[in-house]
Amino acid sequence: MSFLVYLKDGINLGSIYAMIALGYTMVYGIAKMLNFAHGDVIMVGAFVILTAITKAGLSPAVAILLSVVICTLMGVVIEAVAYRPLRKASSNLAVLITAIGVSYLLQNLALLVFGADAKSFVTVIDLPSLSLFGGELVIKGMTILTIVACIVIMVGLQLFVKKTKPGRAMQAVSEDRDAAQLMGVNVNATISLTFAIGSGLAAIAGLFMCSAYPTLSPYTGAMPGIKAFVAAVFGGIGSIPGAMIGGLLLGVIEIFSKAYISSQVADAIVFGVLIIVLLVKPAGLFGKNIQEKV
């Protein structure tokens with residue numbers, strides 16, 4: 001029975017990683033940029049929810065909506081101020097350094113505003129638990145909601161990208177930015193929309209992550225953000241289904257490593273599995289090898 005408990009915990013953690021990874025893979029797949037500040041947007045979203053409920057006395061639904069709006073606007077501002085001027089930079093290193101700088105900026109602003117002490121996250125959504133096998137396996141309602149939300153978001157994003165006009169514009173920008181602009185696609189608006197969607201998803205991911213692990217500090221989003229990036233690369237960065245599968249696999253591997261090997265080396269095992277996968281399949285599980293003409 002312990003195997004099923006660990007599997008349930010792994011899928012729950014993997015669903016959280018998958019939500020974060022979907023934001024990463026959206027931005028990289030369309031804009032070809034690695035937004036390492038994504039994990040810190042999650043932290044900001046969680047702090048907005050906590051502050052709105054405990055300080056402002058807002059209802060959970062309004063607090064979640066406020067968090068999504070603020071994170072969405074933050075994503076648009078970050079793209080316009082930090083990344084857009086570097087879009088035509090000769091080296092991707094400039095974008096990478098800027099992303100790390102934005103990440104540290106958000107962390108230090110959170111330190112100034114909220115302090116360094118870890119805060120206990122409040123219960124935002126209270127759902128009944130599901131009891132199986134005579135009570136030997138108990139699945140929290142929030143765990144079920146996390147998994148369902150992850151699947152719904154993945155399917156929704158896939159339909160949005162494949163079936164809608166803005167989604168097709170995203171595909172065009174991803175394929176060839178200059179050709180898309182010549183065909184009348186507003187590249188700036190398309191990339192801004194991509195960052196807005198990714199940052200809005202970060203707010204939702206922050207809700208589920210802090211509900212599962214109810215401790216919040218300015219550094220809360222740092223390690224989950226890195227692991228979600230690993231999940232996106234694992235599944236094939238740029239692939240929406242790949243981000244979800246990569247996140248789920250990563251969560252299961254991490255929980256089983258902690259349970260059956262050692263909690264101290266679980267992170268090392270996660271990154272070791274990534275290295276092995278990339279050695280065998282460099283584009284990730286669902287990624288495509290792209291040949292560039294010289």
Side-chain angles (χ1 to χ4, degrees), residues 9-46 68 71-72 75 78 96 99 103 143 146-161 170 174 194-213 220-255 266-267 269-275 277-278 281-288:
D9 291 340
I11 293 174
N12 183 37
L13 179 60
S15 297
I16 295 169
Y17 286 157
M19 284 187 208
I20 306 171
L22 285 168
Y24 268 117
T25 209
M26 281 284 291
V27 170
Y28 183 83
I30 309 305
K32 298 296 183 287
M33 293 178 180
L34 293 175
N35 181 20
F36 279 115
H38 192 66
D40 299 290
V41 176
I42 293 166
M43 172 268 297
V44 171
V68 172
C71 287
T72 299
I78 288 172
L96 184 63
S103 173
T143 299
T146 302
I147 297 168
V148 171
C150 179
I151 295 170
V152 169
I153 290 170
M154 189 276 291
V155 173
L157 281 178
Q158 189 76 345
L159 290 174
F160 175 79
V161 171
M170 288 178 179
S174 175
T194 305
F195 271 84
I197 293 172
S199 299
L201 289 177
I204 301 297
L207 164 67
F208 286 111
M209 183 178 73
C210 290
S211 295
Y213 305 94
T220 292
M223 184 54 75
I226 293 173
K227 288 180 180 177
F229 173 68
V230 170
V233 175
F234 193 8
I237 194 161
S239 167
I240 291 175
M244 180 177 171
I245 299 299
L248 291 173
L249 288 175
L250 201 74
V252 170
I253 290 169
E254 181 176 334
I255 293 297
D267 290 344
I269 292 170
V270 166
F271 289 107
V273 169
L274 172 71
I275 293 170
V277 169
L278 292 182
K281 203 172 187 302
L285 297 176
F286 291 85
K288 297 179 181 178

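Nearest heavy-atom pair across Leu22 and Ala243 is CD2-CB, 3.9 Å. Shortest non-hydrogen contact noted between Ala212 and Ile16 is CB-CD1, 3.9 Å.
Leu159 is linked by a side-chain contact (heavy atoms from CB on, under 4.5 Å) to Val155, Lys163, counting only residues two or more places apart in sequence or in another chain. Ile11 is linked by a side-chain contact (heavy atoms from CB on, under 4.5 Å) to Leu7, Ser15, Ile147, Leu248, Val252, counting only residues two or more places apart in sequence or in another chain. Residues satisfying the side-chain contact (heavy atoms from CB on, under 4.5 Å) criterion with Ile253, sequence neighbours excluded, are Phe234, Ser257, Ile269, Val270, Val273. For Thr72, the side chain to side chain donor-acceptor pair (under 3.5 Å) criterion is met by no residue, not counting sequence neighbours.
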Would you mind writing out the side-chain donor-acceptor pairs for residues 220-230 within the sub-3.5 Å range, not counting sequence neighbours?
| unit_1 | atom_1 | unit_2 | atom_2 | d |
| --- | --- | --- | --- | --- |
| Thr220 | OG1 | Ser217 | N | 2.6 |
| Thr220 | OG1 | Ser217 | O | 2.9 |
| Lys227 | NZ | Glu254 | OE1 | 3.3 |
| Lys227 | NZ | Glu254 | OE2 | 3.1 |
| Lys227 | NZ | Asp267 | OD1 | 2.7 |

Only distances under 3.5 Å count here; give the side-chain donor-acceptor pairs of residues 197-205 to other protein atoms, sequence neighbours excluded, each with its distance to 0.1 Å.
| unit_1 | atom_1 | unit_2 | atom_2 | d |
| --- | --- | --- | --- | --- |
| Ser199 | OG | Phe195 | O | 2.9 |

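Within the structure, side-chain hydrogen bond (donor to acceptor under 3.5 Å, both in side chains) pairs that include any residue of residues 235-251 do not occur (at least two apart or interchain). A salt bridge (Lys or Arg N to Asp or Glu O under 4.0 Å) check over residues 37-46, counting only residues at least two apart or in different chains, returns nothing.
Side-chain N or O atoms of Thr25 include one that pairs as donor or acceptor with a backbone N or O of Gly238 at under 3.5 Å.
Here the straight-line distance linking atom CE of Met19 with atom CE of Met244 works out to 9.0 Å at 0.5 Å rounding. Here the straight-line distance linking atom CG of Leu285 with atom CG of Leu278 works out to 9.0 Å at 0.5 Å rounding. To the nearest 0.5 Å, the span separating CD1 on Ile153 from CD on Gln158 amounts to 14.0 Å.
Contact of the Met26 side chain with the Leu157 side chain is registered, since non-hydrogen atoms from C-beta on lie closer than 4.5 Å. Looking at heavy atoms from C-beta onward, Tyr24 lies out of side-chain contact with Val233 at the 4.5 angstrom threshold.
Among the candidates Asn12, Thr146, Ile20, the single residue satisfying the side chain to side chain contact (heavy atoms under 4.5 Å, CB included) test with Phe208 is Thr146.
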